[in-house]
Amino acid sequence: MSAVADTHTQEHHHGPARGISRWLLTTNHKDIGTMYLVFSFAMFLLGGSMAMVIRAELFQPGLQIVEPEFFNQMTTMHGLIMVFGAVMPAFVGLANWMLPLMIGAPDMALPRMNNWSFWLLPCAFLILVSTLFMQGGAPNFGWTFYAPLSTTYGPPSTTFFIFAIHIMGVSSIMGAINVIATILNLRAPGMTLMKMPLFVWTWLITAFLLIAVMPVLAGVVTMMLMDINFGTSFFDASGGGDPVLFQHVFWFFGHPEVYIMILPAFGAISHIVSAFSRKSLFGYSSMVYAVGAIALLSFIVWAHHMFTVGVPLAGQLFFMYATLLIAVPTGVKVFNWVTTMFRGSLSFEAPMLFAVAFIVLFTIGGFSGLMLAIAPADFQYHDTYFVVAHFHYVLVPGAIFGIFAAAYFWLPKWTGHMYDETLAKTHFWMSFVGMNLAFFPMHFLGLAGMPRRIPDYALQFADFNMVSSIGAFMFGATQLLFLFIVVKCVRGGEKAPAKPWDGAEGLEWTLPSPAPYHTFETPPEIK
Amino acid sequence: MRVRGKRLTPVVALLGLLSPAMAMADWTLNMSPGVTGTSNQIFSLHMTILWICVAIGVVVFGVMFWSILAHRKSQGHKPANFHENTVVEILWTIVPFAILVAMAIPATATLVEMYDTTDADLDIRVTGYQWKWQYEYVDQEFGYFSNLATPADQIRNRQNKGENYLLEVDNPLVIPVGQKVRFLLTSNDVIHSWWVPAFGVKKDAIPGFINEAWVKVEEPGTYRGQCTELCGKNHGFMPVVVEAVPQDEYDTWVADQKAAAEKERELTQKDWTMEELMARGEQTYQTTCASCHQPDGSGSPPAFPALKGSAIATGDVQGHLDIVVNGKSGTAMQAFGSQLSEVDLAAVVTFERNAWGNNTGDMVTPKQVLDFKNQQ
Ligand code: HEM
Ligand SMILES: [Cu+2]
Ligand SMILES: [Cu+2]
């Protein structure tokens, strides 16, 4: 186990710098983690307000609030901002804060690169959001930006969108390299791979996924860039190109991407369920193998997003079988969580509430995923609101509830104060009800035949759309409460002990709360 | 799922008071079985997998909620101390696997059947355009476009919405019942997707590709669907309407279509007056061009230029004909030469040159258009 980067030694016993330079120049994993989390929450609110615009337009049939052009920009920006701005940076923020604390390391392995990979993000999103104010408007071709709608027929701002994606990709890859370097090199003596906390394991695997697929995303947007600006015809049929190639390359990135958005949450949930069941995690090693299996399988299922594209029968069957197979390791994880709770000694503080909701609702999302995997049935589900329901069930109670659970779980460690439990429970119940009200009816809409990405709809879809919008407004408004709870917790509150949760395990709880600016300068010994 | 729907009823009643539009709506919860063999098979796959999920859900959530109720710290429950059990773990890997295999078998059979497009009685080419469908009866040598028929006033809430709001077209696709109809799908611009839920047919229309799908409808009727691949601003406004009719009715319809096409060709030879051309041109403009250039010719720059006062629409006639007949490659402006008849082309160009204050006074006749096309 090698030591920390020596650049750091000079400032060792100093506290944080003052003023803006603390944040601009910091190489401290806790500061950078905080910045990632704050940034991600800001993006969550921005992407969320776009969702409110979408739901407001869909409140009733007819065009009321926005024009179809702008509606398409809203769905596209909502998807892009939520995926690349809210969920991914939140997990990197959690990784920054928690990985060193969980493996007994003094910091991330590459602290300067860490600073750089964070500060690239605001630049990328400044560019992306600025496209809203450009002539011709923001990207309007969906977060999947299928060619040729995004190339030959795209708005002039597409080039800026491509540039923003490139910068985000660079940031993600640097973050992933940092995670891998940290986990492989800086573990405390005695912490073998199979003793690593699950959050560390899931992040390690996620980081490899990121390194594998972000370059593919960069490749596909570069091909778009060439088609738009330099006269190539990768995706232009009239020039001999192939629009379907775009989809293959995009989904080769896109499917692993959806696991990138959920695996770290799996890790965090595993800790939380075990802590509030006061019982160690059931089947630790099968959990690790299951995550590994999911990650490997995620590379060979991409064309399940393309069942209606006209893939040959043999291909269609292969992708259907492979996709069904992924349900097996995913099932193993759910069974393990439930068995961890079984005969435990359960209590339901906010992190546990979010974790239990995660398990139930993510499983519902998994069920609809299983249905979508049945290729013939997917001919009916594909590109309808059934799909919108499916992926929001895995993303909102999956990724987002996972992040909330983790935030409440570790907030005492970060701030040194307990958060307001009553408010947190209110936040949970309002989110839970709002979320189900918003997204459950979308299953019905999809099955009744409502396509996705439309600003207006036939009259038989009116009722459930109204219910869904009401739920969405409720969910959206509730998130401001979370902001309030966190600010309140940062500014004061009941002092948190080193280990506020009696069932929690792990090195992070051996440190005082709040965790000092520099931690584990001498590595702890594991058993 | 049904249970959930019932529990919602009081909420529903409350909402019903809120909105008059809701009177029209219904609370369909599930997929409908449809009217073809394929759609019925899909429906039964859908119900099977749904019930499998419900069963697994009942077991898993059952255990979970039992723990939540019975194993609470607040009730003094002490945690057990187990964290492994190889037998159980192997069992819950193998059992789901077996269930999935059982599910994959009927799914495979259905898929194989859906892919069997051989032995069709009738071929229809379906081409997606921004934002309309073109249907060509390959063997009978005629074809036409199918545009949204819902008036803008309904969409803009200036008029009450009709029963088939957004699901109605000017010219529906007509097919005979009891025949295997094969669709050859492609696109002229971006990717579209042709979907009729009652048939269980959804297939992407992709530029440069020809996809195949087939349908055999037994019950006469009108079936409605929509485009399901995001294809630009009017993606939500390009419905699919199919009329399945008995064979004899179909035969009469085909004969009528052929006669109408012949008449259209004769119209080219007729002498047109300015008024006639303007009237016809306005109609053509509103159905074909207004989606991009706006009903009042103002466009929505920079994507779609205004025609009102446009240099091309008020300049040289040849230049105007050129962009309308040949389109402009690499933009959304399509080549209308192959989509509209000479009469309609002449009419719409005449209309554009004299509407909204473009008072050029020019009249372009169908013969001029024909000559223009022949020069090329
Ligand atoms: C605040 C709660 C949210 C609401 C009310 C909401 C609502 C919606 C709606 C109605 C659509 C469908 C738009 C359409 O097809 O016309 C949509 C699309 C989408 N949402 Fe959300 N959403 C929420 C949160 C999230 C989160 C947290 C994520 C990701 C982590 C997310 C990711 C997406 C993506 C990827 C799309 C697809 C965009 C596209 O079609 O290109 N959403 N959302
Ligand atoms: Cu996928
Ligand atoms: Cu479309």
Side-chain angles (χ1 to χ4, degrees), chain A residues 60-63 68-69 135-136 142 146 148-149 152-153 237 243 278-280 282-283 286 308-310 313 316-317 321 324 327-328 331-332 335 338 341-347 360 367 370-371 374-377 379-380 382-383 444 447-449 451 453-456 458-460 462-463 466, chain B residues 15 21-22 24-31 42 45-46 49 53 60 63-64 67 71-73 77-80 83-84 89 92-93 96-97 100 104 107-108 110-111 114-115 155-157 161 165-167 190-191 193 197 202-204 206-208 211 226 228-230 233 236 302-303 330 332:
Chain A
Q60 282 190 321
L63 294 178
E69 291 96 323
Q135 242 213 349
Y146 280 7
L149 185 63
T152 316
Y153 298 84
R278 294 166 183 80
K279 184 160 158 279
S280 48
F282 186 85
S286 69
T308 61
V309 160
L313 181 61
Q316 202 89 339
L317 290 173
Y321 300 151
L324 288 173
V328 175
V332 166
F335 301 146
V338 172
M341 290 168 69
F342 185 66
R343 296 180 53 207
S345 171
L346 277 60
S347 63
V360 176
F367 285 150
L370 202 57
M371 298 171 74
I374 307 289
F379 279 89
Q380 295 287 47
H382 180 69
D383 264 341
F444 307 142
L447 293 176
R453 295 170 168 168
I454 57 174
D456 192 4
L459 298 181
Q460 71 262 34
D463 308 329
M466 191 174 279
Chain B
L15 291 173
M22 308 202 87
M24 292 295 303
D26 56 21
W27 294 90
T28 315
L29 298 183
N30 201 358
M31 189 187 276
I42 292 178
L45 282 173
H46 161 74
I49 186 81
C53 290
V60 174
V63 173
M64 187 170 174
S67 311
H71 306 150
R72 304 173 79 101
K73 184 181 177 223
H77 195 269
K78 292 276 173 299
H83 54 84
E84 244 167 16
E89 287 178 68
W92 72 38
T93 311
F97 185 78
L100 293 176
T108 305
T110 305
L111 201 62
M114 289 171 80
Y115 264 68
I155 297 172
R156 300 281 160 185
N157 311 306
K161 297 182 182 5
Y165 178 69
L166 295 189
L167 298 178
V190 301
I191 302 176
S193 191
K202 180 185 285 151
K203 207 76 189 219
D204 290 1
I206 305 171
N211 270 331
Q226 278 175 275
T228 48
E229 182 62 61
L230 179 61
K233 85 181 163 79

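Protein chains get the first letters and strands the later ones, always in sequence-line order, with residue 1 at the start of each. The model shown is predicted, which means the values in this text are computed figures rather than measured ones.
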Pick whichever of B/G236, B/G208, B/A80 has the most heavy-atom pairs under 4.5 Å with chain A. B/A80
When B/T110, B/L45, B/I49, B/L167 are compared by non-hydrogen pairs under 4.5 Å with chain A, the top option: B/I49
With only heavy atoms counted, which part of [X] is less than 4.5 Å from chain A, the side chain, the backbone, both or neither?
{"X": "B/K78", "value": "backbone"}
{"X": "B/L111", "value": "both"}
{"X": "B/L230", "value": "both"}
{"X": "B/F97", "value": "both"}
{"X": "B/E84", "value": "both"}
{"X": "B/M114", "value": "side chain"}

Student check: side-chain heavy atoms of [X] and [Y] closer than 4.5 Å:
{"X": "A/Q380", "Y": "B/H46", "value": "no"}
{"X": "B/T93", "Y": "A/V328", "value": "yes"}
{"X": "A/L370", "Y": "B/L100", "value": "yes"}
{"X": "B/V190", "Y": "A/Y146", "value": "no"}
{"X": "B/M64", "Y": "A/M341", "value": "yes"}
{"X": "B/T28", "Y": "A/F444", "value": "no"}

Looking only at non-hydrogen atoms, find the nearest pair between [X] and [Y] and report the distance.
{"X": "B/H77", "Y": "A/G344", "answer": "ND1-O, 2.7 Å"}
{"X": "B/E229", "Y": "A/R453", "answer": "OE2-NH1, 4.2 Å"}
{"X": "B/K233", "Y": "A/P68", "answer": "O-CB, 3.3 Å"}
{"X": "B/K203", "Y": "A/G310", "answer": "CE-CA, 3.9 Å"}
{"X": "A/P376", "Y": "B/A107", "answer": "CG-O, 3.3 Å"}
{"X": "B/Y165", "Y": "A/P61", "answer": "CE2-CB, 4.3 Å"}

Between A/P243, A/A377, A/A375, which residue shows the highest count of heavy-atom pairs closer than 4.5 Å to chain B? A/P243
Most chain B-contacting option - heavy-atom pairs closer than 4.5 Å, from A/T152, A/V338, A/L149: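 Heavy-atom pairs under 4.5 Å are most numerous for A/L149.
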Give a yes or no on whether the backbone of A/L447 and the side-chain of B/N30 come within a donor-acceptor separation of less than 3.5 Å. no
Expected output: side-chain B/K202 to main-chain A/H382 donor-acceptor under 3.5 Å: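 The answer is yes, because a donor-acceptor pair under 3.5 Å joins these two groups.
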If the plane angle is over 60° it's perpendicular, under 30° parallel, otherwise tilted; pick one for B/H71 and A/F342.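 B/H71 vs A/F342 ring planes: perpendicular.
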Let me know if [X] has heavy atoms under 4.5 Å from chain B in its side chain, its backbone, both or neither.
{"X": "A/F379", "answer": "both"}
{"X": "A/Y321", "answer": "side chain"}
{"X": "A/I374", "answer": "side chain"}

Among A/T308, A/I454, A/D383, whose side-chain contact (heavy atoms from CB on, under 4.5 Å) with B/T228 holds?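 Among the candidates, only A/D383 passes.
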Starting at CE of A/M371, measure out to CE of B/M31 and round the result to the nearest 0.5 Å.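 The CE atom of A/M371 sits 7.0 Å away from the CE atom of B/M31.
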